[in-house]
Amino acid sequence: MGSNLRRGFRAGGRLHLGTVGTVLGGLSLLLSACAPPLPFSAPVAAPHKVALKWSWLGFWVQVVKKGAPPICAAVYPFSTRADLVVLYLNLRQPLQAVLVKVWPVTVGGERLMQGEVFSPDAFLTPANARTFNADLSRGKVAYPSAVLRQRLAEARRTGLLSYYVIGRITLQGGQLIVQPLLVPGNQQAANILPAGGFVGVKAIRTFLKSPAARTLLASHRFTFQRASFRQVEALAKIGSKK
């Protein structure tokens, strides 16, 4: 399935102006926060065979504000090693969805969830790469720009841009609780994040075990409610009539 996705992504399309803002900004909207998820250039561990959790699969929604379409997460079994999450930031515009391949990892004895984020509009051409770099140059925090430039170099080979995020995802009483690792404020980021990105997986794992990373992981908590297809279909119509 993954190879088919990659072939489809390479087939055409373009990287829209502000794709970095669309993907990261869209995910920050998902998390109702002022900061996007902290990107990494590599996963802390590769996916391994895990038992399928049927209780995670299906639709989950988070109502952002009254009268607006909710954020929707559709969780599918990707393989025996990972799940595929499709994040609908606006249910009325499904082509703006963000794809995340998710699998469990253990860091410092704690079980976390690693995600590889893909954007369906992130196709690469020389012109798009120039636009992408220009967008990154306007960033206020050096670390995310450096990491995404690393991923851009890889994307020139594969034709598909992706990056990694991490956080806690747990089921509690029928609710899906998401605690992402977010980019800290500008000055805090300058103090705890290397401007050029972490050098190697060992450095990423060391950071994730640090008090600073633990504080960031505990700083935000977002709750998604289980929903049926019919409920999601009805919610997608909210605000569609003027």
Original post:
With sequence neighbours left out, what residues match S210 under side chain to side chain contact (heavy atoms under 4.5 Å, CB included)?
Top reply: F207, A212, A213
Original post:
If you round to the nearest 0.5 Å, how far is CZ of R226 from CH2 of W60?
Top reply: 4.0 Å
**OP:** Give the intermediate values and the outcome of side chain to side chain contact (heavy atoms under 4.5 Å, CB included) for residues W56 and I169.
**Re:** CA-CA 10 Å; W56 288 45; I169 304 178; 3.7 Å; yes
Subject >> Residues which pass side-chain hydrogen bond (donor to acceptor under 3.5 Å, both in side chains) with S41, listed by chain and number, not counting sequence neighbours >> reply: Q150
Original post:
For T170, what residues pass the side-chain hydrogen bond (donor to acceptor under 3.5 Å, both in side chains) criterion, not counting sequence neighbours?
Top reply: Q172
Original post:
Do L112 and L217 have side chains that get closer than 4.5 Å, going by heavy atoms?
Top reply: yes
Subject >> Within one Ile-Leu-Val-Met-Phe-Trp-Tyr cluster: Y88 and L99, side-chain cutoff 4.5 Å >> reply: yes
Original post:
Just wondering, do L171 and S55 contact through their side chains at under 4.5 Å, heavy atoms?
Top reply: yes
**OP:** Kindly determine whether V165 and L38 satisfy side chain to side chain contact (heavy atoms under 4.5 Å, CB included), including the steps that lead there.
**Re:** CA-CA 6 Å; V165 295; L38 189 70; over 6 Å; no
**OP:** Only counting residues at least two apart or in another chain, list the ones meeting side-chain hydrogen bond (donor to acceptor under 3.5 Å, both in side chains) with R168.
**Re:** E110
Original post:
Quick one: do the E116 and S162 side chains pair a donor with an acceptor below 3.5 Å?
Top reply: yes
**OP:** Check P144 against V141 and note the closest heavy-atom contact, atom names and distance.
**Re:** CD-O, 3.2 Å
**OP:** Sequence neighbours left out, what passes side-chain hydrogen bond (donor to acceptor under 3.5 Å, both in side chains) with S228? Give chain and number order.
**Re:** Q231
Subject >> Joint cluster assignment, V107 & V147, ILVMFWY side-chain distance < 4.5 Å >> reply: yes
**OP:** Evaluate the side-chain proximity of Q62 to F222: yes if any heavy-atom separation is below 4.5 Å, no if none is.
**Re:** yes
**OP:** Show your working on side chain to side chain contact (heavy atoms under 4.5 Å, CB included) between V117 and V98 and close with a plain yes or no.
**Re:** CA-CA 7 Å; V117 180; V98 175; 3.6 Å; yes
Subject >> Main-chain N/O of P39 paired to Y143 side chain as donor or acceptor, under 3.5 Å >> reply: yes
Original post:
When clusters are formed by joining ILVMFWY residues with side-chain heavy atoms under 4.5 Å apart, either directly or through shared neighbours, do W54 and L176 land in the same one?
Top reply: yes
**OP:** Look at the aromatic rings of Y164 and W103 and report parallel, tilted or perpendicular, splitting at 30° and 60°.
**Re:** perpendicular
Name each donor-acceptor pair under 3.5 Å that joins a side chain in residues 177-198 to protein atoms two or more places apart or in another chain, with its distance.
from, atom 1, to, atom 2, distance (Å)
Q187, NE2, N191, OD1, 3.4
N191, ND2, Q187, O, 3.3

**OP:** Treating Ile, Leu, Val, Met, Phe, Trp and Tyr as nodes and any side-chain heavy-atom pair under 4.5 angstrom as an edge, say whether V86 and F229 lie in one connected cluster.
**Re:** yes
Subject >> Of all pairs that satisfy salt bridge (Lys or Arg N to Asp or Glu O under 4.0 Å), the ones with a partner from residues 73-90, not counting sequence neighbours >> reply: none
**OP:** Determine which pairs satisfy salt bridge (Lys or Arg N to Asp or Glu O under 4.0 Å) with at least one residue from residues 188-205, sequence neighbours left out, and list them in order.
**Re:** none
Subject >> Shortest non-hydrogen contact from P104 toward H48 >> reply: O-CE1, 3.5 Å
Original post:
Should Q225 and Q175 be marked as a side chain to side chain contact (heavy atoms under 4.5 Å, CB included) after you check the CA-CA gap, both sets of side-chain angles, and the distance that decides it?
Top reply: CA-CA 5 Å; Q225 308 289 342; Q175 297 179 327; 2.8 Å; yes
Original post:
Hey, does V100 have a side-chain heavy atom less than 4.5 Å from the side chain of L84?
Top reply: no
Original post:
Looking at I204 and A42, what are the two nearest heavy atoms and their distance?
Top reply: CD1-O, 3.8 Å
**OP:** Give a yes or no on whether F40 and V201 share a hydrophobic cluster (residues Ile, Leu, Val, Met, Phe, Trp, Tyr; joining criterion: side-chain heavy atoms under 4.5 Å apart).
**Re:** no
